[in-house]
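To start, the structure under review is shown below, and the notes come after it.
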Amino acid sequence: MSINKRETLEILGISVDKVDMSKALSRFSELMDTEECSLIVTPNSEIILSATKDSALREIIASADLVIPDGIGIVHASKLLGQPLKERVTGIDFMEMILVWLQEHEKSIYLFGSKPGTEEREAVCDIAAKKKQLQYPNLKIAGTHHGYFKPEEEDSIVEEINASGADFLCVALGSPRQEDFIARRRKELKVKAAIGVGGSFDVWAGTLKRAPEFYREHGLEWLYRLIQEPSRYKRMAMLPVFMLKVIMNKSKS
Ligand code: UDP
């Protein structure tokens with residue numbers, strides 16, 4: 001089937017798809033109908049900023065088939081650039097829509113990444129899978145694998161994913177590791193599409209709380225995350241740097 005033309009917006013030299021949730025989902029459904037493994041990335045301002053300095057990450061994002069505007073910083077930047085995005089499409093909200101889509105279309109998902117099990121509790125990906133199975137009883141979960149492995153184990157993980165017959169792959173290894181994994185392995189992967197999901201399995205499993213409605217509605221999810229994980233402050237301090245760079249870049253052009 002033919003893929004519709006993409007409409008993109010360039011932020012600090014990185015192309016982001018001009019999509020709201022509904023357009024992102026229809027693009028996703030097109031990608032699930034192609035032969036090769038498509039790459040979906042959900043960069044926030046911090047990742048875009050790293051991509052300006054990291055050519056490998058820049059190339060990975062440029063090679064992606066869908067680049068979701070994840071985060072309030074990107075929406076602010078789009079307004080500053082005079083090409084306002086309607087809304088931010090957070091990775092975790094997008095994933096929820098994808099799960100509904102997968103269930104409806106009887107396509108299966110594989111969960112790869114997050115912390116392994118301990119004596120006290122199961123691996124986060126398994127808890128996440130069980131919780132989502134309860135929420136979506138007809139969702140087909142083809143398999144799971146935790147994300148703490150030695151480089152020499154990677155080949156067998158790819159084989160396991162392929163052997164599971166999964167249609168769609170979620171990778172939770174943190175950014176940019178998850179995107180790098182998909183980009184390096186996409187030729188061998190038999191899934192139709194793969195996405196990097198950061199801490200989503202932790203949220204699904206309940207080990208990390210998602211920001212309450214108030215924070216989400218006011219674009220303050222980052223503040224809630226900072227309260228939960230104060231060690232992230234250095235990464236979050238990148239938001240004003242990002243905005244400043246967008247402004248400076250605009251005034252140059
Ligand atoms: N993770 C993993 N393997 C690693 C490092 C991290 O599976 O070697 C997992 C980690 O347990 C967490 C996710 O990757 O579930 C990273 O989440 P984070 O929110 O830090 O993602 P980021 O914001 O860096 O994209």
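Counting starts at 1 for both ligands and their atoms, following the listed order.
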_Do Lys79 and Pro84 have side chains that approach each other closer than 4.5 Å (heavy atoms only, starting at C-beta)?_
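In short, these two side chains touch, coming nearer than 4.5 Å.
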*Please examine the side chains of Tyr110 and Glu160, heavy atoms only from C-beta on, and report whether any two atoms are closer than 4.5 Å.*
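A side-chain contact under 4.5 Å exists here.
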Under-4.0 Å heavy-atom contact with ligand 1, by part of [X] that carries it:
{"X": "Leu173", "value": "both"}
{"X": "Ala172", "value": "backbone"}
{"X": "His146", "value": "neither"}

For [X], the ligand 1 atoms whose distance to one of its heavy atoms is below 4.0 Å:
{"X": "Gly199", "result": "17 (O), 18 (P), 19 (O), 21 (O)"}
{"X": "Gly113", "result": "7 (O)"}
{"X": "Lys115", "result": "11 (O)"}

_If the test is side chain to side chain donor-acceptor pair (under 3.5 Å), which one of Arg184, Arg177, Gln178 qualifies with Asp180?_
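Per the side chain to side chain donor-acceptor pair (under 3.5 Å) rule, the option paired with Asp180 is Arg184, out of Arg184, Arg177, Gln178.
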*Hey, does Phe201 sit under 4.0 Å from ligand 1 if you only count heavy atoms?*
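Heavy atoms of Phe201 never come under 4.0 Å of ligand 1.
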*Have Glu96 and Gln135 got a donor and an acceptor in their side chains that come within less than 3.5 Å?*
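On atom types as modelled, these side chains qualify, holding a pair under 3.5 Å.
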*asked:* Could you check, using the six-membered ring where one of them is a Trp, whether Phe181 and Phe112 have ring centers closer than 6.0 angstrom?
replied: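 For Phe181 and Phe112, the ring centres are under 6.0 Å apart.
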